Amino acid sequence: MADALKALVNIISTETNHLLLVYAAQNTEFLSLNATSGPITCSNPGPALDLDPALIRSRQLIVAAATQLIATVRPPAEFLQDAVSAMLKPAALRVIIDTNIPEVLSEEGPQGLHVNDLSVRTGVDESYLARVMRYLATRHIFRELTPNVFTHNRISTLLSKNKSVKDLKADPIGKWDNSPFTSTRTDEIFTSSVHFSAYLREPDQSLAPFNMGHNTSKKLWEWYEEQGNEWRLRRFTAAMKANGNMYPPHIFTSVFDEEALRPGDVVVDVGGNVGTVTLVLKKAFPKLRYVVQDLEKLMPAGEQYWNENDPEASNSGQVVLQAHNFFDQQPVKHAAVYFLRLILHDWPDNDAREILLNLRDAAAPSSKLVIFESLARYTCDDPSLDLSASAPFPLLANLGEAGEGFGTALDLVMLTLFNGKERTLDDFVRLGKESGWKLERMKPGILSALIFTPADSAS
Ligand SMILES: C[S@@+](CC[C@H](N)C(=O)[O-])C[C@H]1O[C@@H](n2cnc3c(N)ncnc32)[C@H](O)[C@@H]1O
């Protein structure tokens, strides 16, 4: 055990030194947790080095070792008590989001605000606020400067929608633009997850835990279309945008770099929402043509997005927004690439197969199918994966929360909302086989890229 503890500390020390050296070599400050200088947002999370792909492994190793160190040294009862109380985090965050506290504190600046004043600004009793804020500050979200005076830290700043409180109040639907992914997680996903156990023990009683949580037989997307849910749809769309900005662009561009695409080739973003990935690709490959497909109701948001970000692209027809249900026949035939980001995990296998079959029917022998999803990984060694990426002793093979925290959480979110799932490499190969696609190659990453060719034209 002493060996394991020492090894964990050693990993933290070695990798931290490596990070500091790289930052120093580039004259970049390693921002402290309390730093709030500069407009830190989902799309601008700080210095470029913070998202540098070359440093991802170091960061993951530090987090993997630190979380394992905590699990090792903390008394098990304490550790479990923390785990079973985890639902309080989204509950507390939802109070913060519902009462516009991130925006109130942004307006106040670094001197922060006393809970008495926060109470006046939000209408929530100061003693409630003090406890919720302290719960979060204890977990490094917000900072308590002096007793009962709270301000932002580098993490809580991300909760802000970067709008004035006055603007938020004036536009209860539009207020969710720029909303980070936290809002949906702390609301409909959180509410649905309460029914998780009942659903898993008797899955036939409903489509997904979401349906039990919201007393509806509709799928999430259809439910979003109900009158009164306009703001939820707007918020989900905003979360998708924030999600889009969360992934380093090279994840998407590096795949297309390696494909021999020619000017004018057509790339279809299937279920592309407003087209955040397409915008990244269009910047990197300005000579390709793009079609962003999603449901009819997403078209106005898509038009607004392109008007704001690249009006010329949509005016010239280089980027076309197309209403299309991916369970219908694919209207764009023989595209060079059909890609889906974070789509298949929304669907159980039979639906995922149908989506891929429709693309296969439209594909030319030279077409490629690219799927961007996080790949589910075992916590123990997987003999089918490259050993060069294996984790150092004594870390979990998937680097635990550092490697798969997001992926395993997303897996259960998908289960909660849609009875969907994150898939292993084997799952994808099988799904491809069943729908006429053969896996050509796979690029691992925080989102992996799986590149398929039509099965009967592959060598
Ligand atoms: C998880 S989001 C991913 C969006 C986008 N690919 C991205 O990564 O930003 C799933 C998307 O699928 C769309 N969608 C759901 N059902 C659909 C259907 N039957 N046909 C087309 N799009 C659909 C939703 O509107 C939503 O935009």
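Atoms within each ligand, like the ligands themselves, are counted from 1 in listed order. Fair warning: this is a prediction, and the values are worked out from it, not measured in the lab.
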Check: of Ala301, Gly302, Gly420, Gly271, min heavy-atom distance to atom 5 (C) of ligand 1 comes from Gly271
Out of Thr278, Leu342, Leu417, Leu220, who gets a non-hydrogen atom closest to atom 1 (C) of ligand 1?
Leu342
Please work out whether any backbone atom (N, CA, C, O) or any side-chain heavy atom from C-beta onward of [X] is under 4.0 Å from ligand 1, and answer side chain, backbone, both or neither.
X      : result
Val277 : neither
Leu298 : side chain
Leu340 : neither
Trp221 : side chain
Phe327 : side chain
Gln293 : neither
Phe252 : neither

Would you mind listing which atoms of ligand 1 come within a distance below 4.0 Å of any non-hydrogen atom of [X]?
X      : result
Asp346 : 1 (C), 10 (C)
Thr276 : 9 (O)
His324 : 20 (N), 21 (C)
Arg341 : 3 (C), 5 (C), 6 (N), 7 (C), 8 (O), 9 (O)
Trp347 : 16 (N)

Kindly say whether Asp427 contributes a backbone atom to a donor-acceptor pair with the side chain of Thr424 at under 3.5 angstrom?
yes
Whether [X] and [Y] hold their rings parallel, tilted or perpendicular, with breakpoints at 30° and 60°:
X      : Y      : result
Trp347 : Phe418 : parallel
His152 : Phe142 : parallel
Tyr224 : Phe236 : tilted

Geometry only, no angles: is [X] polar-contacting ligand 1 at N/O separations under 3.5 Å?
X      : result
Asp294 : yes
Asp269 : no
Phe326 : yes
Asn325 : yes

Taking the six-membered ring for Trp and the full ring for Phe, Tyr or His, determine whether the centres of Trp306 and Tyr290 are under 6.0 Å apart.
no
Please lay out, stage by stage, how Ser374 and Glu422 fare under the test side chain to side chain donor-acceptor pair (under 3.5 Å).
CA-CA 7 Å; Ser374 43; Glu422 298 300 317; 3.0 Å; yes
At their closest point, which heavy atom of [X] faces which heavy atom of [Y], and how far apart are they?
X      : Y      : value
Ala335 : Ser367 : O-OG, 2.7 Å
Gln68  : Leu396 : OE1-N, 3.5 Å
Arg441 : Val255 : NH2-O, 3.7 Å

Distance, nearest 0.5 Å, that separates OG1 of Thr276 from CG of Leu279:
8.0 Å
Straight-line distance of Asp328 CG to Asn325 CG, nearest 0.5 Å
4.5 Å
